[in-house]
2 protein chains.
Amino acid sequence: MARQAKYEELRQELLAEMAGSAPHTPLPTEREISARHGVSRNTVRQALDALETSGSVYRVQGAGTFVAPPVVSKSLALTSFSEDMRERDLVPASRLLAAETVRAGRQIAERLGIAPDAEVVRVSRLRLADGSPMCLENVHLPADRVPGLAREDLSGSLYALLTERYGLQIRSAEQVVRAVDLDETESALLGVPVGVSGLRVQRVGLDRRDTPVEATTTLYRADRYDIRFTVRRSRP
Amino acid sequence: MARQAKYEELRQELLAEMAGSAPHTPLPTEREISARHGVSRNTVRQALDALETSGSVYRVQGAGTFVAPPVVSKSLALTSFSEDMRERDLVPASRLLAAETVRAGRQIAERLGIAPDAEVVRVSRLRLADGSPMCLENVHLPADRVPGLAREDLSGSLYALLTERYGLQIRSAEQVVRAVDLDETESALLGVPVGVSGLRVQRVGLDRRDTPVEATTTLYRADRYDIRFTVRRSRP
DNA sequence: TAGTGGTCTAGACCACCAT
DNA sequence: TGGTGGTCTAGACCACTAC
């Protein structure tokens with residue numbers, strides 16, 4: 001059994017202690033937290049690093065660490081549709097449109113790093129939030145890595161299925177976001193007027209060896225969906 | 001003068017050494033890099049952390065650290081329009097549409113955390129890439145923090161001007177991305193047909209104390225612009 | 001000038017991977 | 001099993017902030 005890391009435990013404790021504090025309230029100094037919780041200062045810094053990355057605190061050298069003001073957006077993380085919807089307080093659901101094995105084709109092959117005539121499993125689903133359409137999702141996976149997938153239960157989380165049934169863990173993803181005009185079929189499925197805008201997210205999911213496992217194109221209704229995130233200046 | 005940190009120096013050296021290597025080539029072990037460069041292993045890990053975040057290497061516990069395969073997207077960082085275009089090998093330019101002092105109004109006031117009747121400087125610019133329109137940019141700044149801004153030279157980088165002239169450093173930003181239908185005026189300025197889609201990015205720039213400094217809405221041509229980034233699974 | 005976060009060291013043990 | 005990255009310790013000095 002993998003034990004919880006100390007800095008992770010500390011992170012959660014600090015988050016709980018901060019819960020009632022006003023923005024810009026100073027946290028105890030790193031040395032104080034270190035002494036009070038009986039851990040080294042490096043461990044405290046690991047916990048604070050995580051809290052800073054997630055946008056919960058900010059640090060000013062020479063001054064201290066402070067509770068960050070509430071933000072609209074936390075930093076972007078890789079989430080499944082279900083997780084994404086639950087974070088927005090919406091109830092996720094799914095309607096399977098197609099599940100079949102086909103040849104990859106040039107574009108999918110390039111994204112997955114396989115041969116164009118290799119077989120891929122294509123799973124097409126209409127995803128719902130609070131009972132009404134939110135997006136169209138089209139997933140492609142190399143067929144040899146997911147034998148029998150098309151016959152599995154595809155109503156729930158695909159990521160969970162990949163992990164439990166096939167031992168495939170998606171650890172990161174490359175995404176390309178673009179605005180597009182929806183065509184007639186897409187508009188009809190999403191329940192919006194013809195010709196309005198949609199948000200298209202193309203994703204390539206990678207395993208821990210940075211090898212492509214999944215290529216997904218998702219088409220969101222522009223009137224119900226946006227992407228929120230925090231960015232930081234990297235190197236000055 | 002601020003000296004360069006050792007881990008930053010090491011990061012650049014490792015990046016240079018990796019330049020010719022094939023994807024998945026193992027790097028030396030952390031202990032080896034440590035010995036060879038005469039730094040502690042923690043410092044090596046700081047350098048590797050940065051390289052992992054930027055998508056240059058990936059690490060597998062128990063196995064090693066490896067050169068990451070080339071990716072379409074690096075992790076998202078806060079960049080100015082000029083920096084963004086240069087990364088895409090395009091030449092940035094600018095046409096000033098308006099620079100004036102106005103009342104904030106409800107929406108801008110909320111984003112900047114100021115009173116609705118407070119004064120803000122509004123700078124509206126058409127931004128060009130390789131000579132043709134790329135986006136419409138509308139920046140709002142609290143007037144009391146940038147006195148005289150409307151009379152400055154606004155043809156170049158606004159971020160540089162804010163830093164040099166007013167000592168304002170934008171360290172992070174919250175962004176909201178959405179697909180929208182362009183109206184007649186917007187289409188005309190961007191040089192696209194009426195009714196096509198645009199990508200709208202709303203940004204609130206924050207200083208090192210997480211205080212809002214700038215609220216910007218940028219409208220990109222969907223046919224010329226997309227957003228690319230890498231996301232990682234956060235906590236399992 | 002005192003105190004803060006930022007960087008760095010030289011150890012140590014653990015969890016995990018390949019063999 | 002031996003070697004890897006992941007975590008952790010107990011120090012130290014530096015750069016910067018606030019007073």
Side-chain angles (χ1 to χ4, degrees), chain A residues 1-14 24-53 56-68 167 169 171 207-211 232-236, chain B residues 1-14 24-53 56-68 167 169 171 207-211 232-236:
Chain A
M1 199 57 176
R3 205 185 86 272
Q4 178 118 304
K6 278 194 190 177
Y7 74 86
E8 172 59 19
E9 206 173 321
L10 178 57
R11 186 189 70 85
Q12 288 170 18
E13 286 174 21
L14 290 173
H24 308 293
T25 303
L27 271 69
T29 69
E30 295 182 351
R31 289 162 179 84
E32 211 174 311
I33 298 173
S34 164
R36 197 181 294 177
H37 287 80
V39 298
S40 81
R41 196 180 144 211
N42 274 354
T43 303
V44 173
R45 283 184 62 76
Q46 275 188 284
L48 290 177
D49 284 348
L51 290 174
E52 185 178 31
T53 299
S56 302
V57 306
Y58 64 91
R59 304 199 266 201
V60 180
Q61 183 176 158
T65 304
F66 307 86
V67 176
Q169 281 240 16
R171 298 269 290 259
D207 65 14
R208 58 168 194 180
R209 292 194 156 75
D210 273 13
T211 304
R232 292 172 199 292
R233 264 250 182 264
S234 42
R235 252 159 278 288
Chain B
M1 196 58 177
R3 205 184 87 271
Q4 178 116 305
K6 277 192 191 177
Y7 74 85
E8 173 59 18
E9 205 173 323
L10 178 56
R11 186 189 69 85
Q12 289 170 17
E13 286 174 22
L14 291 173
H24 308 293
T25 304
L27 270 70
T29 69
E30 295 181 353
R31 289 162 179 85
E32 212 174 311
I33 297 173
S34 163
R36 197 182 293 178
H37 287 79
V39 299
S40 82
R41 195 180 145 210
N42 274 353
T43 303
V44 174
R45 284 184 60 76
Q46 275 189 284
L48 290 177
D49 284 347
L51 289 173
E52 186 178 31
T53 299
S56 302
V57 305
Y58 64 91
R59 303 200 267 200
V60 181
Q61 183 175 158
T65 303
F66 306 87
V67 176
Q169 281 240 15
R171 296 269 289 258
D207 64 15
R208 60 171 192 175
R209 293 193 156 75
D210 275 13
T211 303
R232 292 172 199 292
R233 264 254 183 258
S234 41
R235 250 159 280 287

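This is a predicted model, so every value here is computed, not measured. All values below were derived from every heavy atom in this structure, side-chain atoms included, with hydrogens, water molecules and symmetry-related copies excluded. All chains are named by letter (A, B, ...) in the order of the sequence lines, taking the proteins before the strands, and each is independently numbered beginning at 1.
Close to dG6(C), at under 4.0 Å from its OP1 or OP2, lies a side-chain N or O of R45(A). Between T65(A) and dG5(C), a side-chain N or O to OP1/OP2 separation shorter than 4.0 Å is present. For dG6(D), the OP1/OP2 oxygens have no side-chain nitrogen or oxygen of K6(A) closer than 4.0 Å.
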Could you walk me through whether R233(B) and Q169(A) pass the side-chain contact (heavy atoms from CB on, under 4.5 Å) check?
CA-CA 10 Å; R233(B) 264 254 183 258; Q169(A) 281 240 16; over 6 Å; no
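Nearest-nucleotide assignment on DNA chain D puts the 5′-proximal partner with P28(B), out of P28(B) and V39(A). If V60(A) and S40(A) are placed on DNA chain D by their nearest nucleotide, the residue sitting closer to the 5' end is S40(A). Positionally, the nearest nucleotide of DNA chain C for T43(B) lies more toward the 5' end than for the other of T43(B) and R208(A).
Atom CG in N42(B) sits roughly 12 Å away from atom P in dT7(D) (whole-Å rounding). For the pair R59(A) CZ and dT17(D) C1', the computed distance is 16 Å after rounding to whole Å. The distance from atom CZ of R41(B) to atom P of dT9(C) is 14 Å, rounded to the nearest whole Å. Atom CZ of R31(B) is separated from atom P of dG6(D) by 11 Å (rounded to the nearest Å). Rounded to an integer number of Å, the gap from OH of Y7(A) to C1' of dC14(C) is 14 Å. Remark: P of dG6(D) and CD of E30(B) are 6 Å apart, rounded to the nearest angstrom. Note: CG (D49(B)) to P (dC8(C)) measures 13 Å, nearest angstrom. One interatomic measurement links the two molecules: CG of L51(A) to P of dG5(C), which rounds to 14 Å at whole-angstrom precision.
More than 12 heavy atoms of other shown residues, nucleotides or ligands fall within 6.0 angstrom of atom CZ in R41(A).
Here the shortest heavy-atom pairing between E52(A) and R232(A) reads O-NH2, 2.9 Å. In terms of heavy atoms, P28(B) sits closest to I33(B) at O-CD1, 3.6 Å. Pairing each heavy atom of L10(B) with each of V44(B), the nearest pair is CD2-CA, 3.8 Å.
Between D49(B) and R11(B) there is no salt bridge, since no side-chain N of the basic residue sits under 4.0 Å from a carboxylate O of the acidic one.
Scanning for side chain to side chain donor-acceptor pair (under 3.5 Å) contacts around S34(B) gives an empty result, with sequence neighbours left out.
Ring geometry for Y58(A) against F66(A) counts as parallel: the plane angle stays under 30°, on a 0 to 90° scale with 60° as the upper cut.
With axes fitted over five pairs at each extremity, the angle between the ends of the helix from dT1(C)-dA18(D) to dA18(C)-dT1(D) is 10° (10° resolution).
From K6(A), atom NZ reaches atom OG of S40(A) across 8.0 Å, with rounding to the nearest 0.5 Å.
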Could I get a table of every N or O pair under 3.5 Å where one atom is in the protein and the other is in nucleotides 1-3 of chain D?
from	atom 1	to	atom 2	distance (Å)
dG3(D)	N2	G62(B)	O	2.9

